[in-house]
Protein chains: 2
Amino acid sequence: MSLKYAILGLLDQEPHYGYEIKQKFEHMMGDLWPVSYGQLYPTLRKLAEDDLVTMKTVQGKKAVEKNVYSITGTGSSFFSSWLLNQKKKVQISIKDEFTLSLFFLDRMDKYEAQDMLRTKLQELHEKQRKYADEYKLYTDNTPRYKKALTRKMLLHLDAEQKWIEELLQAL
Amino acid sequence: MSLKYAILGLLDQEPHYGYEIKQKFEHMMGDLWPVSYGQLYPTLRKLAEDDLVTMKTVQGKKAVEKNVYSITGTGSSFFSSWLLNQKKKVQISIKDEFTLSLFFLDRMDKYEAQDMLRTKLQELHEKQRKYADEYKLYTDNTPRYKKALTRKMLLHLDAEQKWIEELLQAL
DNA sequence: CACAACATGTAAGATGTTACATGATTGA
DNA sequence: TCAATCATGTAACATCTTACATGTTGTG
């Protein structure tokens with residue numbers, strides 16, 4: 001995924017502390033892009049080691065300490081060049097476990113295979129309903145990016161569904 | 001990805017040696033799913049440690065030794081239960097670097113953002129042409145799975161394209 | 001003879017998940 | 001007071017990529 005770039009992008013606007021980065025990120029992403037502390041804090045440390053960010057411990061309320069991170073000049077230009085390069089690469093990945101499992105579809109008997117694909121279609125429909133409902137609830141206040149993400153999910157769910165329907169017909 | 005399951009699936013049909021697994025897999029997958037030796041051999045060792053496969057060194061032509069792997073009973077049932085479970089999970093992931101970069105679209109000026117999306121669209125069209133051409137070349141001898149994979153790629157490229165077109169219109 | 005293809009690996013690092021561990025503050 | 005939320009981390013493991021290292025065999 002590269003949480004690294006997400007962090008740099010947030011810090012490129014203003015300094016943040018770790019917990020806050022997780023909150024902000026997940027607020028934007030909903031359940032589509034979770035971040036674990038087990039990845040967040042080591043990544044922040046690594047970024048500091050590489051001099052892309054600096055860390056400063058500040059006193060919060062009473063005895064609570066926060067580690068506030070700021071982006072450095074190096075970090076900022078590193079982020080910018082990454083951002084500019086994104087338009088040049090197409091990185092659609094279709095390497096998932098379900099796709100792999102279809103590799104072995106020939107070994108099932110016809111009805112078992114059909115059942116598998118039909119069950120999958122149902123699961124896809126369910127997900128689709130879920131995200132479509134979520135999408136309808138969005139208002140003008142919903143961040144533009146969150147809407148776009150959900151829309152992307154819906155379009156790719158459509159694609160997956162269409163693919164499986166084609167496979168089912170071919171059986 | 002879980003190369004692990006791909007290996008078990010191949011071995012569930014008949015024993016194979018490492019090099020052969022890579023050849024077979026990539027013959028099926030084309031460039032859509034490459035496998036490196038740096039992952040293959042350690043994975044085979046791990047599977048042997050976990051008693052999901054057994055290894056036997058056989059003499060090939062002259063001085064060439066091959067390590068032939070066979071699936072065990074444990075391995076076979078482990079694979080089967082994995083296979084059965086695939087229909088239950090929907091794992092569409094939209095967590096890629098480009099999607100992340102759009103998170104920061106608001107910080108670009110309008111024309112820069114439009115340029116970014118248009119460049120991306122061109123790249124997508126190019127990829128699409130490439131896979132569409134490949135798809136047309138497939139014959140009755142082409143493994144069913146390879147066709148399905150390319151078709152899946154084309155459908156998801158469509159989805160991605162549509163998404164970006166929508167974003168461009170919204171700008 | 002040179003080069004492609006066959007055959008097997010290791011080492012280092014990137015990236016991510018899950019589970020564990022600790023402690024303060026706020027609100028019901 | 002008890003639970004939720006705030007706040008920071010570590011350890012173990014899983015997965016994968018890239019680069020390096022070694023040697024044989026077949027073909028033009």
Side-chain angles (χ1 to χ4, degrees), chain A residues 1-8 15-27 29 31-50 52-53 55-69 78 82 89 91 93-97 99-100, chain B residues 1-8 15-27 29 31-50 52-53 55-69 78 82 89 91 93-97 99-100:
Chain A
M1 143 201 188
S2 265
L3 178 62
K4 184 166 73 176
Y5 300 107
I7 293 172
L8 288 175
H16 289 85
Y17 54 96
Y19 189 84
E20 191 183 17
I21 289 172
K22 188 175 188 288
Q23 298 308 101
K24 274 208 181 181
F25 197 71
E26 293 189 339
H27 180 248
M29 305 304 187
D31 60 348
L32 292 170
W33 203 322
V35 177
S36 68
Y37 292 121
Q39 194 191 355
L40 179 65
Y41 290 115
T43 304
L44 281 168
R45 202 206 311 137
K46 179 100 191 358
L47 286 171
E49 277 166 15
D50 295 346
L52 300 176
V53 305
M55 195 262 269
K56 201 180 147 192
T57 303
V58 301
Q59 211 60 235
K61 304 231 169 155
K62 302 204 175 166
V64 181
E65 287 192 342
K66 298 175 187 179
N67 296 336
V68 175
Y69 293 85
F78 179 74
W82 170 78
K89 321 183 271 180
Q91 266 293 30
S93 176
I94 57 174
K95 295 157 54 178
D96 57 88
E97 290 197 7
T99 304
L100 178 64
Chain B
M1 146 201 189
S2 266
L3 179 61
K4 184 167 69 176
Y5 300 106
I7 293 172
L8 288 176
H16 289 85
Y17 54 95
Y19 188 84
E20 191 183 17
I21 290 172
K22 188 176 190 287
Q23 298 309 103
K24 273 208 181 179
F25 197 71
E26 293 189 340
H27 180 248
M29 305 305 186
D31 60 348
L32 292 172
W33 204 322
V35 177
S36 68
Y37 291 120
Q39 195 193 352
L40 178 66
Y41 289 115
T43 303
L44 282 168
R45 203 204 313 136
K46 179 99 189 2
L47 286 172
E49 277 165 16
D50 295 345
L52 301 176
V53 306
M55 195 261 270
K56 200 180 146 192
T57 302
V58 301
Q59 211 62 234
K61 303 232 169 154
K62 301 203 177 168
V64 181
E65 287 193 341
K66 299 175 187 178
N67 296 336
V68 175
Y69 294 86
F78 180 73
W82 170 80
K89 321 184 272 179
Q91 267 292 29
S93 176
I94 58 175
K95 295 158 52 179
D96 58 88
E97 291 198 6
T99 304
L100 178 63

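Heavy atoms only: backbone and side chains are in, while hydrogens, waters and symmetry mates are out. Letters A, B, ... mirror the listed sequences (proteins, then strands); counts begin at 1.
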Study note, to complete from the structure: Looking only at D/dT25, C/dG9, D/dC6, the nucleotide nearest the A/Q23 side chain is D/dC6

Check your understanding: If you check every side-chain atom of A/K95, which of C/dT8, D/dT17, C/dT17 has the closest atom?
Key -> D/dT17

**Study point:** Proximity to the side chain of A/S36 - top-ranked nucleotide from D/dT17, D/dT8, C/dT18
**Key:** C/dT18

**Study point:** Whole angstrom value for the distance that separates C1' of C/dA5 from NZ of B/K24
**Key:** 19 Å

**Study point:** Length of the line joining B/L3:CG and D/dT15:P, which is rounded to integer Å
**Key:** 10 Å

Practice item. When you get a sec, tell me which of D/dG9, C/dT25, C/dT15 is the closest nucleotide to the side chain of A/K4? Key: C/dT15

Study note, to complete from the structure: Which of D/dT8, D/dT10, D/dT24 is nearest the side chain of A/P42? It is D/dT10

Study note, to complete from the structure: B/K46 NZ to C/dG9 P, in whole Å, measures 17 Å

**Study point:** B/Y19 OH to D/dT22 C1', straight-line distance once rounded to whole Å
**Key:** 15 Å

Practice item. Give the ring-plane orientation class for A/F25 versus A/W33, where under 30° counts as parallel, over 60° as perpendicular and anything between as tilted. Key: perpendicular

Review point. 5'-most contact on DNA chain C: A/V64 or A/L40, nearest heavy atom basis?
Key: A/L40

Point to revise | Length of the line joining A/Y37:OH and C/dT15:C1', which is rounded to integer Å | key: 19 Å

Exercise for review: Using whole Å, report how far OH of B/Y41 lies from P of D/dA19.
Suggested key: 19 Å

Review point. Hey, does A/E65 reach any base, or is it just sugar-phosphate, or nothing, if we go heavy atoms under 4.0 Å?
Key: sugar-phosphate

Check your understanding: Which nucleotide in the set D/dT10, C/dT8, D/dT8 lies at the smallest distance from any side-chain heavy atom of B/Y17?
Key -> C/dT8

Study note, to complete from the structure: On DNA chain C, more 5' by nearest nucleotide between A/T43 and B/N67 is B/N67

**Study point:** Heavy-atom side-chain contact between A/L47 and A/F78 under 4.5 Å
**Key:** no

Review point. What's the CD-P distance between B/Q39 and C/dT10, to the nearest Å?
Key: 15 Å

Review point. Quick one: which of B/R45, B/K56, B/M55 gives a side-chain contact (heavy atoms from CB on, under 4.5 Å) with B/N67?
Key: B/M55

Check your understanding: What's the NZ-P distance between A/K22 and D/dA7, to the nearest Å?
Key -> 13 Å

Review point. What residues, two or more places apart in sequence or in another chain, satisfy ring pair (Phe, Tyr, Trp, His ring centres under 6.0 Å) together with B/Y19?
Key: none

Exercise for review: Please name the pair of heavy atoms, one in B/L3 and one in B/L40, separated by the smallest distance, quoted to 0.1 Å.
Suggested key: CD2-CA, 3.8 Å

**Study point:** Under-4.0 Å side-chain N/O to phosphate OP1/OP2 contact, A/R45 with D/dT10
**Key:** yes

Check your understanding: Just checking B/G18: base, sugar-phosphate only, or nothing, at a heavy-atom cut-off of under 4.0 Å?
Key -> sugar-phosphate

